[in-house]
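Report on one structure; see the data block that follows.
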Amino acid sequence: MLTLKQIQENRQEVIERLKVKGFDASLIIDQIVELDSHRRITQVDVDALQAEMNSISKSIGLMLKDGKKSEAGAAREKTVTIKENIKKLTIVLESAEKELQNLVIQLPNLPHSSVPVGFSAADNVIVREGGVIPKLANPLPHWELAKKYDLIDFELGVKLTGAGFPVYKGKGAKLQRALINFFLEEAVTAGYSEVMPPLMVNEDSGFGTGQLPDKEGQMYHITQDNLYMIPTAEVPVTNIYRDVILNESRLPVRNCAYSACFRREAGSYGKDVRGLNRLHQFDKVEIVQIANPSNSYEILESMVLHVQSLVEKLEMPWRILRLCGGDMSFTSALTYDFEVFSTAQERWLEVSSVSNFESFQANRLKLRFKNENEKKAQLAHTLNGSALALPRIVAALLENNQFEGGIRIPKILVPFCGFDVIE
RNA sequence: GGAGAGUUGGCCGAGUGGUCGAAGGCGCACGCCUGGAAAGUGUGUUUCCGCCAAAAGUGGAACGAGGGUUCGAAUCCCUCACUCUCCGCCA
C-alpha cells in the first residue's frame, strides 16, 4: 500500500509510474487527495469539540468536589449538543477514513525506474543466462518419466484429493526431501536463519503481505475458522514482522523457510497445467529479507545471485528475466523471474520470482525501523524470493538428465538423495 | 469440549469512575561522580492522527479487540479473541 505522503507529494510521478504497470490512477488519486483533505478538516473539528468536552468534564469533576452541585448540572447540560456534534462528525470522519483506505489499497505498487514498459510475458527482458541445454534424441516429458520410474502418481492424488495434488513415491519422494534440504542448507550457509512457519494464516496476515483482499480467490479458505492456507511461506514469514519496530542495527533481517504451498489456481487449464507444471499443493523454500531502504536494491541483487547459484549447482540451463510492468505483481516494485529449460516440453519454466516490495508491504504490515537518535520510525523495505520452488525444478531435472534406461541425479544432490541415478 | 482465573508501557507490576499516558521497579539512553569501572545520583525513555513553513509548541486518540453506560471509563456492562490452571480428548 502506498503511503498518503507518497501520493500527495508526488502526485504526477505516481500517475506516470503506474502507467508502466498499465494502471490508470489519475481518477483514484484525485479522489484520494480530495478525501484526505476532507478528512483532515473534519479531524480538526472533531478534535476541537473533544477538547471542549474534556475541559467541561474536568470542570464538572472539580465542581462536584467543591460541592457546587447546581453549577455542575448547568455544565452537564452544555455537553448535550457538543456530544451530538461529536457523534455526527465522528461518523463523517470514520467513513472518510474507511473510504480513503478502500481507495489507497486499490493502487498497485510503483514499479522501479528500471522496470521495462510492456503488457505481457513477451515484453520481459532477459538479463542473463547460463548453463547448457542438453541435446536429447527423443526426450520424454516428466509426467511420462514419473510414471515409467514410479516416482510420482498423479492419478492417486486425484483419488485422494483432486487434480494438482500428486503423490510422490519412492525415489520421487526422496528427491523432494533432498531438494528441500539442499535448498535450506544453501540458504542457511548464505546467512538466512531458518524458520518453520504455520501453513495457515489469519486474515490480518493475508492483508499484511497483500494477498487480501486482492487475491482472495487464489487462497484456500477454511471458513469455519476463517483461516487461509498459505500460498507461499512469504506470508507467515514476512508477517512475523507485522506491527514491529526494529532497531536499525538489526537490518537486514534474513529468514528462510521451507513450506508446502497451496494455490487454487482458478482458471488455469491446458498444457500449462500438465504434470508438475502447475499444482495446487507444492513445496518451496523461500528467502525473505527486511532491509533498510538505503540498500534494498543491493540486497535484491544478492538474492538474485543466491538463486542463480542454486540453478548453477543443479547444472540447469537457466535464464533471468526482468519483468515488465504489465507482468509484475500488484505488490512488487521490481521482480526478477528465474526460468529453467525443460527439454522435453521445449520451453522455459518459471522456478523462482525474486522481488523488492520496497515499503509497499511494510506500510500494510506497519513494519518499521529506527535508530536511537531518531524520533520517528520509518517504513522498512521487504524482499523475498523462491529459492526454490520444487515442482518445475523436478520436471526439468527429470527431463534434462534422462538417458536410455535412467535419470542421472546432479552431483550436488547425491549426498542428499543417497543415490546417483534413478532406474 | 466443560469449569475457573487473567490480558496495563521494552519487561515486571500498581491502579475499581474524575486532574491517569498511567505509581513504583527493572532495563535502556545521556549527564554527574570515578584514574577507569561498579555502586551512587540526576534527567530522559510508547505509538498514531492533526494544527504549525519548520522547529518549538500544541489539540486529539490508544490500558487485548469491538460495542455500550456516563458530563467523565484502565476502572462499570455486553460481545469476541487470546493466555494460564483443572477436567475431558489426543500425535
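Below, read A as the first sequence line, B as the second, and so on, with proteins coming before strands; counting in each chain starts at 1.
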- Does any donor atom in the side chain of Gln345(A) or Glu399(A) lie under 3.5 Å from an acceptor atom in the other side chain? yes
- Rounded to whole angstroms, how far apart are CG on Asn363(A) and C1' on C49(B)? 14 Å
- Ion pair check, Asp420(A) and Lys411(A), cut-off under 4.0 Å: no
- Task: Please measure how far the P atom in G2(B) lies from the corresponding atom in U79(B), and state the result in whole Å.
- Result: 15 Å
- Message: Under 4.0 Å, heavy atoms only, any strand: does Lys366(A) hit a base, just the sugar-phosphate, or nothing?
- Response: nothing
- OP1 or OP2 of C51(B) sitting under 4.0 Å from any side-chain N/O of Arg40(A)? yes
- Task: Rounded to the nearest angstrom, tell me the gap between atom CG in Asp243(A) and atom P in G10(B).
- Result: 12 Å
- Kindly say whether Asn277(A) contributes a backbone atom to a donor-acceptor pair with the side chain of Arg392(A) at under 3.5 angstrom? yes
- Task: For C30(B) and A38(B), measure between their P atoms and round to the nearest Å.
- Result: 12 Å
- Query: Between C48(B), G50(B), G60(B), which nucleotide gets closest to the side-chain atoms of Ala51(A)?
  - Reply: G60(B)
- In whole angstrom, give me the gap between the P atoms of G31(B) and G21(B). 32 Å
- d(CG, Asn247(A); P, U45(B)) in whole Å: 18 Å
- Select one nucleotide: of C49(B), G60(B), G50(B), the one nearest the side-chain heavy atoms of Gln43(A). C49(B)
- Thr335(A), Asn295(A), Leu383(A) screened by side chain to side chain contact (heavy atoms under 4.5 Å, CB included) with Leu300(A), the one that passes: Leu383(A)
- Task: Using the C1' atom as the reference point in each nucleotide, state the distance between U16(B) and U70(B) in Å, no decimals.
- Result: 15 Å
- Does atom NZ of Lys215(A) have more than 12 heavy-atom neighbours, drawn from other residues, nucleotides or ligands, at distances under 6.0 Å? yes
- Query: Hey, are His221(A) and Thr223(A) close enough side-chain-wise for a donor-acceptor pair under 3.5 Å?
  - Reply: no
- Task: Go through the steps to decide whether Phe360(A) and His381(A) satisfy the test ring-ring contact (aromatic ring centres under 6.0 Å, His included), and finish with yes or no.
- Result: CA-CA 8 Å; Phe360(A) 193 82; His381(A) 280 189; over 10 Å; no
- Task: For A73(B) and U8(B), measure between their C1' atoms and round to the nearest Å.
- Result: 14 Å
- Message: Hydrogens and angles aside, do Tyr192(A) and Gln289(A) bring a side-chain donor and acceptor to less than 3.5 Å of each other?
- Response: yes
- Query: In the 5'-to-3' direction, what one-character label does each nucleotide of nucleotides 61-73 of chain B receive under the scheme B = base within less than 4.0 Å of a protein heavy atom, S = sugar-phosphate only, - = no such atom?
  - Reply: S---------BS-
- How does RNA chain B look in dot-bracket notation if pairs are Watson-Crick or G-U with both distances under 3.5 Å, crossing ones as [ ], other-strand ones as |? ((((((((.[[[..)..(.....]]]((((((.......))))))((((((.....)))))).[[[[[..)....]]]]])))))))....
- Taking for each residue the nucleotide of RNA chain B with the nearest heavy atom, is it Lys370(A) or Val44(A) whose nucleotide lies nearer the 5' end? Lys370(A)
- Message: With nearest nucleotide decided by heavy atoms, which residue, Ala48(A) or Asp36(A), maps closer to the 5′ end of RNA chain B?
- Response: Asp36(A)
- Query: For the pair made of CD in Gln224(A) and C1' in G1(B), what is the distance, rounded to whole Å?
  - Reply: 14 Å
- Distance under 6.0 Å and angle within 45° of the ring axis: does Lys171(A) meet both against Phe419(A)? yes
- Task: Examine the base of G60(B) for any acceptor or donor lying under 3.5 Å from a partner atom in the side chain of Asp47(A), and report the outcome as yes or no.
- Result: no
- Whole-angstrom distance between G15(B) and A23(B), as gauged at atom C1': 8 Å
- Task: With P as the reference atom in both, quote the distance from G40(B) to C49(B) in angstrom, rounded to an integer.
- Result: 39 Å
- Task: Output yes when at least one side-chain N/O atom of Arg368(A) is less than 4.0 Å from OP1 or OP2 of U47(B), else no.
- Result: no
- Exam field: side chain Lys169(A) to backbone Ile152(A), donor-acceptor pair closer than 3.5 Å: no
- Query: What interatomic distance, in whole Å, is found between P of G6(B) and the corresponding atom of C76(B)?
  - Reply: 11 Å
- Atom CG of Asn239(A) and atom CD of Gln361(A): how far apart are they, to the nearest 0.5 Å? 8.5 Å
- Whole Å only: how far is the CZ atom of Arg39(A) from the P atom of G60(B)? 18 Å
